[in-house]
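The structure appears below as structure tokens.
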Amino acid sequence: MRNFISAADAQDIDGLVQKALSYKADPFKDRSLGAGKRIGCLFLNPSMRTRLSTQIAAQNLGMEAIVFNVGSEGWALEFEEEAIMSGNTVEHVKDAAPIFGKYFDILAIRTFPSLKNKEDDYSELYIKQFIKYAGIPVVSLESATLHPLQSLTDIITISENEQKKAGTKKPKIVLTWAPHVKALPQCVANSFSQWVNQWGKADFVITHPEDYELSEEFTAGATITHNQDEALKDADYVYVKNWSTFKDYGKVYESDPKWMLTNDKLKLTNNAKVMHCLPVRRNVELSDEILDGPNSLVTQEASNRVWAAQTVLSEILSGK
Amino acid sequence: MRNFISAADAQDIDGLVQKALSYKADPFKDRSLGAGKRIGCLFLNPSMRTRLSTQIAAQNLGMEAIVFNVGSEGWALEFEEEAIMSGNTVEHVKDAAPIFGKYFDILAIRTFPSLKNKEDDYSELYIKQFIKYAGIPVVSLESATLHPLQSLTDIITISENEQKKAGTKKPKIVLTWAPHVKALPQCVANSFSQWVNQWGKADFVITHPEDYELSEEFTAGATITHNQDEALKDADYVYVKNWSTFKDYGKVYESDPKWMLTNDKLKLTNNAKVMHCLPVRRNVELSDEILDGPNSLVTQEASNRVWAAQTVLSEILSGK
Amino acid sequence: MRNFISAADAQDIDGLVQKALSYKADPFKDRSLGAGKRIGCLFLNPSMRTRLSTQIAAQNLGMEAIVFNVGSEGWALEFEEEAIMSGNTVEHVKDAAPIFGKYFDILAIRTFPSLKNKEDDYSELYIKQFIKYAGIPVVSLESATLHPLQSLTDIITISENEQKKAGTKKPKIVLTWAPHVKALPQCVANSFSQWVNQWGKADFVITHPEDYELSEEFTAGATITHNQDEALKDADYVYVKNWSTFKDYGKVYESDPKWMLTNDKLKLTNNAKVMHCLPVRRNVELSDEILDGPNSLVTQEASNRVWAAQTVLSEILSGK
């Protein structure tokens, strides 16, 4: 693996899952793999789970991890080619990235979307410029449109739960939109769709209010419906997530609480496990009763973030 | 030791003191104790001494320490049960704490009081919620009402100085209120009172202006007087600290400079050593002449913070 | 080496250069030198390259590096003697520095100039107070008027390039002022001048617009001219940097784009290598064509920051 910015970088998802579970069973088994290696974790947007899990994953592999919060610790970066930098940006990615490439063996970056200009966000200019100019492997810690470490984590978590079951029935996975108080990126939903589709081991349904269609680039292959109840029927996993509109970009059209998952709605499912990437707005996105109940996988998911990150770093370090 | 949030968690204060002094003599003697273990240091309020000393203490024990500044790096946490999170808080402690419990072996947290609602602050909701939901040992790096690592440090420092003396006379320790320009928590004063009382090896006097009574929960057992001169008489240690009012909560009634300790006042004492937890407002709380003079223990105290933290982490790691 | 705050702390610049290049060839060769040692990196002003390179340098030597961003993580320090601290500063350097001296083996500090009061800035009060009160070696990560780690890096970079050449002709080095959008410190220009003069192995020319004279304390020995074209003639190295005025302190008199280095101007030189400490405002200070062209040394310079820092820490650790 050279870079890790989308499902396209994962040639064998099940292989990654197995590796992740082997790290979960024995976190320090590859402690020498990263000895003398250094990862730079660059945050253009704040992070808690991603930051901590990546740092821990690197340490488990014997790497030194250095966190740098751009903005609070650093300065505004310029990403446009040929910019005349007489404004607020103080350093061009063309100058900064090669230096990260000299200081580190792997560069992990969190960027973010504007939610104002769809073309800009979906061009993934920021992370692509880092890849272009850093000269070392780049790992996405969430970009403008995707969040691959989260999605690998999600597949790991589903696989873990599937392994407990007898039989070989394909699970039904439902990605459902949920209400929120502000406009959020489509990253997690895009990325989950992309990974579940590429994984190909589930019946995959996406449900959301009208006008909340995601990009077909990621959803193609899934069944899409505006009828949440129908979607939930016999589901084995319900993945809950808010996102803002894609077509008329970055808007919030809908906040109807009826889209919030509750225990009543869960009765429609096959006693489905409930997933969310966190952070979650309790009693807005997801009810207390579900989050505090036996069907919630959210803590398991978040703790699996370490093993997903460790797997990706391990693949890159071993040049696989 | 399971958690460390108050003197009640210390069964044998003198035993802790001896352990701390043994670490001071040989910082790396238990370097293997924390190998492969990880401490998360979570700051909901900024910190310098506490952050650095805890990080160093963990490293001395071979642990990996990860610092996370909530607020500047993260997001606003919700602590109320059943909250409908449509406001400013973005993640509930019920969701965040279990994840810290998966990522770390020990969780160290600094919370803070509102100084507006006494019942809320004295319920210690924040740190108790972390203990309830993290599932791993929790160490207070200062909470709304107490600062036990500081107080353990203070007892260590007093013990070190007592060991230099011949004879077995109980020392007289005076906690004196000092002026300040803003309303400060009662934490350090509460905690110092609690620890000195539980330690039981000193004559303990507290002096402050009228209406600055601390909670009897912590002070019971000490002699309390509004006459600073009388309190200082024959003192062996004078602990200087400002706090805001407790009864009529969080107010500043008094800023009379006559409460500031000076060399003249020190003449009333038994050539007392002067203590302060730092940071100190020079020439407001304490005069230059004392801080720069031979009676000041403030640097010794601050440097002992490392050994107090190392002792507590060691006790937790070894399950004592 | 006890402290490292100016060229005066470097007794043998060529010796430092050779040591740096030996670390570049074998970064971990002195990994045991810093074992059990700790460096505190204290930033009163933000930093990217300096922060990362110092942290990496320390790790390469086996030291533990702890970064503390004063301001975002800490609080405002007081530097004036006898201050009555009833204002915004919450801790005096007299109280903070000795504690850093207890927590760390080496203290590295970035301070900054006001650009308002020349006497204050050039007195270097901040870093001198840290040296006075910390009691351990102090390394400047840039101070109010100097940036010695940058300058050592620059000499290393020039030496590397000189070693590739046949012959023994002294190189011609030109420091040229460049336009910028805001008032910047004189640190880098002062420091580069001080180091090149002390090194003594180059013909050194400084060029800038009228009224941009630097302090003679640092420039004495160099040829100074307001004619950039004349200065550039036959240059082997052109060091590009903006600074604000020194005499009428901290002003921006000039922003004429004709002072920006371009390929056309480079034709006047001996195919000169172009240097800049970064961050650089593209197409304001330096043109894209130069930064992206074969003559630019800026990435090499920035990557050499690690070896400069490692050399200085190594000298201090080994007490040379």
Side-chain angles (χ1 to χ4, degrees), chain B residues 24 26-28 31 41 43 45-60 62 64-65 67-73 110 179-182 184 255 257 260 276-289 291-292 296 298-307 309, chain C residues 32 34-44 46 55 58-59 62-109 129 132-136:
Chain B
K24 186 168 186 168
D26 187 2
F28 297 128
R31 189 128 213 181
C41 301
F43 290 92
N45 228 28
S47 163
M48 189 271 273
R49 260 158 295 271
T50 301
R51 194 265 242 194
L52 296 176
S53 62
T54 307
Q55 218 174 337
I56 291 169
Q59 291 174 344
N60 283 350
E64 279 162 353
V67 171
F68 189 72
N69 293 308
V70 180
S72 74
E73 290 188 280
R110 166 164 288 193
H180 202 282
V181 294
K182 44 184 258 187
L184 294 192
S255 58
M260 182 176 80
H276 190 286
C277 62
L278 303 185
V280 60
R281 297 267 186 157
R282 280 181 173 246
N283 303 314
V284 175
E285 286 179 88
L286 255 175
S287 59
D288 274 343
E289 59 185 9
L291 283 164
D292 298 335
S296 168
V298 301
T299 303
Q300 185 183 343
E301 258 179 293
S303 80
N304 281 339
R305 294 291 307 272
V306 173
W307 321 117
Chain C
S32 61
K37 303 281 184 181
R38 206 168 269 126
I39 182 171
C41 300
L42 198 67
F43 290 93
L44 282 76
Q55 220 174 337
Q59 292 174 344
M63 298 186 85
E64 281 161 350
I66 294 184
V67 171
F68 189 72
N69 293 307
V70 180
S72 74
E73 290 188 281
W75 36 61
L77 285 170
E78 176 65 52
F79 289 89
E80 293 297 331
E81 299 285 341
E82 296 175 38
I84 297 170
M85 290 173 57
S86 55
N88 293 322
T89 56
V90 303
E91 180 149 26
H92 202 288
V93 67
K94 290 173 84 165
D95 299 311
I99 296 163
F100 295 124
K102 296 290 185 182
Y103 288 174
F104 302 115
D105 300 286
I106 299 176
L107 182 60
I109 309 170
Q129 290 282 61
K132 183 172 175 188
Y133 292 113
I136 54 171

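Letters A, B, ... mirror the listed sequences (proteins, then strands); counts begin at 1. What you see below is based on every heavy atom in this structure, not just the backbone, and it leaves out hydrogens, waters and symmetry mates.
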Notebook entry, point to check: Given that the side chain runs from C-beta out, which part of B/Ile56 has a heavy atom under 4.5 Å from chain C: side chain, backbone, both or neither?
Noted result: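 B/Ile56 touches chain C through backbone and side-chain heavy atoms alike.
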Check: What part of B/Ser53 gets closer than 4.5 Å to chain C, counting heavy atoms only: side chain, backbone, both or neither?
Finding: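 Both backbone and side chain.
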Check: Tell me, side chain or backbone of C/Glu82 under 4.5 Å from chain B's heavy atoms, or both, or neither?
Finding: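 Contact with chain B: backbone and side chain both.
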Notebook entry, point to check: Can you name the residues that form a side-chain contact (heavy atoms from CB on, under 4.5 Å) with B/Asp292, not counting sequence neighbours?
Noted result: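 Checked B/Asp292 against side-chain contact (heavy atoms from CB on, under 4.5 Å); matches are B/Arg282, B/Asp288, C/Lys94.
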Next item on the list: Verify side-chain contact (heavy atoms from CB on, under 4.5 Å) between C/Ile66 and B/Gln59, making sure each step is shown before the conclusion.
Entry: CA-CA 11 Å; C/Ile66 294 184; B/Gln59 291 174 344; 3.9 Å; yes
Roughly how far apart are [X] [atom1] and [Y] [atom2], rounded to 0.5 Å?
{"X": "B/Asn304", "Y": "C/Lys102", "atom1": "CG", "atom2": "NZ", "answer": "9.5 Å"}
{"X": "B/His180", "Y": "C/Ser86", "atom1": "NE2", "atom2": "OG", "answer": "10.5 Å"}
{"X": "C/His92", "Y": "B/Arg281", "atom1": "NE2", "atom2": "CZ", "answer": "12.5 Å"}
{"X": "B/Leu278", "Y": "C/Ile99", "atom1": "CG", "atom2": "CD1", "answer": "4.5 Å"}

Check: What heavy-atom pair brings C/Glu91 and B/Pro279 nearest, and what distance separates the two atoms?
Finding: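 Looking at all heavy atoms of both residues, the closest pair is OE1-CB, 3.4 Å.
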Margin query: Quick check on B/Lys24: does its NZ atom have over 12 non-hydrogen neighbours (other residues, nucleotides or ligands) under 6.0 Å away?
Written below: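 It does: B/Lys24 NZ has more than 12 such atoms within range.
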Check: Has B/Asp26 got more than 12 heavy atoms of other residues, nucleotides or ligands less than 6.0 Å from its CG?
Finding: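 Result for CG/B/Asp26: enclosed.
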Next item on the list: Pick whichever of B/Leu291, B/Val306, B/Leu52 has the most heavy-atom pairs under 4.5 Å with chain C.
Entry: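 Looking at each option in turn, the highest pair count goes to B/Leu52.
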Check: Within the side chain of B/Arg49, is there an N or O that forms a donor-acceptor pair under 3.5 Å with the backbone of C/Ala96?
Finding: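 It does not hold such a pair.
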Checklist line | When C/Phe104, C/Tyr103, C/Phe100 are compared by non-hydrogen pairs under 4.5 Å with chain B, the top option | finding: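 The option with the most such pairs is C/Tyr103.
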Note to self: According to ring pair (Phe, Tyr, Trp, His ring centres under 6.0 Å), who are the partners of C/Phe79, at least two apart in sequence or on a separate chain?
What the structure shows: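 If we apply the ring pair (Phe, Tyr, Trp, His ring centres under 6.0 Å) test to C/Phe79, skipping adjacent residues, the hits are C/Tyr126, C/Phe130.
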